[in-house]
There are 2 protein chains.
Amino acid sequence: MPIDTHTRSTNSVLQVLSPKENLRLSMLSEQVDLTYGDVLCEPGKTLRHVYFPNSGIISLLTPLDGHDSVEVGLVGREGMAGIGLFLGSSVSPVQMLVQGSGIATRMKAASFRNEIKRNPVLQRELNRYLYAFMAQVAQTAACNRHHLLEKRLARWLLMTHDRARSNEFHLTQEFLAHMLGVRRVGVTRAAGLLQEKNLISYRRGNITILDRKGLERASCRCYEAVNDLRDSMLN
Amino acid sequence: MPIDTHTRSTNSVLQVLSPKENLRLSMLSEQVDLTYGDVLCEPGKTLRHVYFPNSGIISLLTPLDGHDSVEVGLVGREGMAGIGLFLGSSVSPVQMLVQGSGIATRMKAASFRNEIKRNPVLQRELNRYLYAFMAQVAQTAACNRHHLLEKRLARWLLMTHDRARSNEFHLTQEFLAHMLGVRRVGVTRAAGLLQEKNLISYRRGNITILDRKGLERASCRCYEAVNDLRDSMLN
DNA sequence: ATCGCTATGTGGGCTGGCGCACAGCATAAA
DNA sequence: TTTATGCTGTGCGCCAGCCCACATAGCGAT
């Protein structure tokens, strides 16, 4: 694989590394396509790789009672998927599902484990990311209990928007329902309300963000809370 | 403070340390009482200490829309409260509330930060705990979305039972409602159902576990799922 | 013994989200 | 053009959990 400026990662975690360390990691990793619908790891299975998305979005889903599952976290270019390997476990409790196509820097489990041992900068950065991610999950737990679907949907769209490169992305209501842990019909109604307010428009699986500010107002504070914590760690 | 066998911690994280390391940590820490109702840290405030409970239970609550809040995790002698300091942040996103009285080994933020830098065993153990804890939070997020109150209450009682030393503990329905993010009336009904089945009995804030196995059957699988993951990390 | 506080029990009306069923309607393939 | 398939919209009955209000019951203190 050619190593040039184009392989320089746009992933936030990798970006803090020095050019030298970055080069080193490039050689230990490969660029892979994330394709909508791909499952990178099933729950309970061995984590073979870690993924640092440069673009695209990965959903983490916790299985429930067999076939049901709910999204508990979202990973974009701000983070990494496969946290277990960082924390000393090779089993993933969650399903890793590609929710938006893109490209990720992928590293084999062994290489990654070896790398974090000798790279304190990467370690530190992953610790910070981990904390922000935990806050995201915790907020989701609380949000799931208390907030109405319309607000949760707005929050979810904002989080996706942050990690997508464009104002438009492919998401059917069926898929959204799965992520939010509600029925499709519920999403139809909630999305209808957001569309009535001219905050979004959707058409056969393609959602467009029309009014970002308005959507923020329509969402619950959870969105803001998670972002605030992340920002507070950047100093 | 006297250092003898009585100060030898019963906290699971500290227990994996060698006697020598343990002694070292004893000198850097103090034993403090955890008193029911104490708030060890408010959300958004600076973490001044970490707590390794030897007995007692600490609830972690995520604030929501001002005054509301929901429990997202439980810490007993299997873990540590103040994870942020381990991950490089000194701000707590959650409220730390003592839910069951006991004793904890407490360490100042600076001492702790210094200690983890030089103690890879402690680091490794905290990583493992962290992963189990994240799974707990993620499962809670999913559970909050899908499971009926009665099952969630059963799960919560089991988790508390695991961390308490006895079959009986003080918990008003009002408090339970707060933890579970529901109304007191809801808890009255759910607890009534569990009592009808002779799984628990309660009387003016004192709950007694009568049938542990039965309670496990009455709870959702989330309880089992979290425990399974923790166990799977012990090999 | 009385008062007051805390904890628990009950009832009525409301609504968000659920399950089920079916009716458009667009795009792609035949 | 037709057919199939995938995505979206609607209607109906149901129920868990909501809010509000009030009724009892144990328990401590003056």
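The sequence lines fix the lettering, A, B, ..., with proteins before strands; numbering per chain opens at 1. Because only heavy atoms are used, hydrogens play no part in the values below, and waters and symmetry mates are left out as well, while side chains stay in.
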Do B:Leu74 and B:Ser59 have side chains that get closer than 4.5 Å, going by heavy atoms?
yes
Between C:dA26 atom P and A:His170 atom NE2, what is the distance in whole Å?
17 Å
For A:Arg189, give me all partners under salt bridge (Lys or Arg N to Asp or Glu O under 4.0 Å), at least two apart in sequence or on another chain.
none
So do B:Arg230 and B:Tyr131 actually touch side chain to side chain, heavy atoms under 4.5 Å?
no
A:Leu153 CG - C:dG16 P separation (whole Å)
16 Å
Suppose we screen for side chain to side chain donor-acceptor pair (under 3.5 Å). Which residues come up paired with B:Asn206, at least two apart in sequence or across chains?
B:His170
What I'd like to find out is whether the side chain of B:Pro93 reaches to under 4.5 Å of the side chain of B:Pro43, using heavy atoms alone.
no
Distance check needed: C:dT6 P versus B:Leu171 CG, whole Å only.
18 Å
Is there a side-chain contact between B:Gln173 and the phosphate of C:dT6, meaning an N or O under 4.0 Å from OP1 or OP2?
no
Among B:His49, B:Arg48, B:Glu30, which residue meets the side-chain contact (heavy atoms from CB on, under 4.5 Å) test with B:Lys108?
B:His49
For the pair made of NE2 in A:His178 and P in D:dC7, what is the distance, rounded to whole Å?
15 Å
Letter per nucleotide, 5' to 3', of nucleotides 16-30 of chain D [B base touched, S only sugar-phosphate touched, - untouched; heavy atoms, 4.0 Å]
SSBB------BS---
Only distances under 3.5 Å count here; give the side-chain donor-acceptor pairs of residues 192-200 of chain A to other protein atoms, sequence neighbours excluded, each with its distance to 0.1 Å.
unit_1   : atom_1 : unit_2   : atom_2 : d
A:Lys197 : NZ     : A:Glu150 : OE2    : 2.4

Do A:Val75 and A:Met80 have side chains that approach each other closer than 4.5 Å (heavy atoms only, starting at C-beta)?
no
When you measure from the side-chain N and O atoms of A:Tyr202 to the phosphate of D:dG9, is any distance below 4.0 Å, counting only OP1 and OP2?
yes
Salt bridge (Lys or Arg N to Asp or Glu O under 4.0 Å) partners for A:Arg212, two or more places apart:
A:Asp162, A:Glu216
A:Glu174 has an atom CD; how far is it from atom P of D:dT8, in whole Å?
9 Å
Are any protein N/O atoms closer than 3.5 Å to N/O atoms in nucleotides 28-30 of chain C? If there are, list each pair with its distance.
none

Specify the separation, in whole Å, of atom CG of A:Asn206 and atom C1' of D:dT8.
13 Å
